[in-house]
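Encoded as structure tokens, the structure appears first; notes follow it.
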Amino acid sequence: MPNIALELGKQSAAFGVHSAYGEQQDVDGIRLIPVAISWSGFGGGSDESGNGGGGGGGYAIPLGAYVRRGDDLRFEPNLVSFLAVAIPFLWVAGRALSRVIRALKR
């Protein structure tokens, strides 16, 4: 039986770059390379009688794409995913800042 941890380690070594940058697509003479931020986790274990198991998962947020038109290369962000991440972040940061200000006033 192969060691699952070693197999996952070998597979996840190349996973990072492939999950952050997608395959190049050519659409009507325009070259697109999608970009995302991603993370993953794996775990496993067993007991003394040999029963074991494992699992893993991951998540990715599309950030945008590199767009090449002729000699012009630029990054175009995905505004929907930016807002989906920014709004909760700003809410939490605002709550934390208000609590810090309230604590400093005392």
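F75 and L73 fall within a single hydrophobic cluster, where Ile, Leu, Val, Met, Phe, Trp and Tyr are joined by side-chain heavy atoms under 4.5 Å apart, directly or via other members. No path of Ile, Leu, Val, Met, Phe, Trp and Tyr side chains, each step under 4.5 Å between heavy atoms, connects V67 with V35, placing them in separate hydrophobic clusters.
For the pair A20 and S38, the tightest heavy-atom approach, listed with the atom from each and the gap, is N-OG, 4.4 Å. The minimum heavy-atom distance linking L32 with V27 is given by the pair CD1-CG2, 4.2 Å.
Distance CZ/R68 to CG/D26: 11.0 Å, rounded to 0.5 Å. Note: Q25 CD to I30 CD1 = 13.0 Å, rounded to the nearest 0.5 Å.
Within the 3.5 Å criterion, the main-chain N or O of P62 finds a donor-acceptor partner in the side chain of S81.
Between R31 and Q24 the shortest side-chain heavy-atom distance falls below 4.5 Å. Looking at heavy atoms from C-beta onward, R99 lies out of side-chain contact with I101 at the 4.5 angstrom threshold. In this structure, the side chains of L90 and V92 stay at 4.5 Å or more apart for every pair of heavy atoms.
Between Y66 and Y21, the ring-plane angle classifies as parallel under the 30° and 60° cut-offs.
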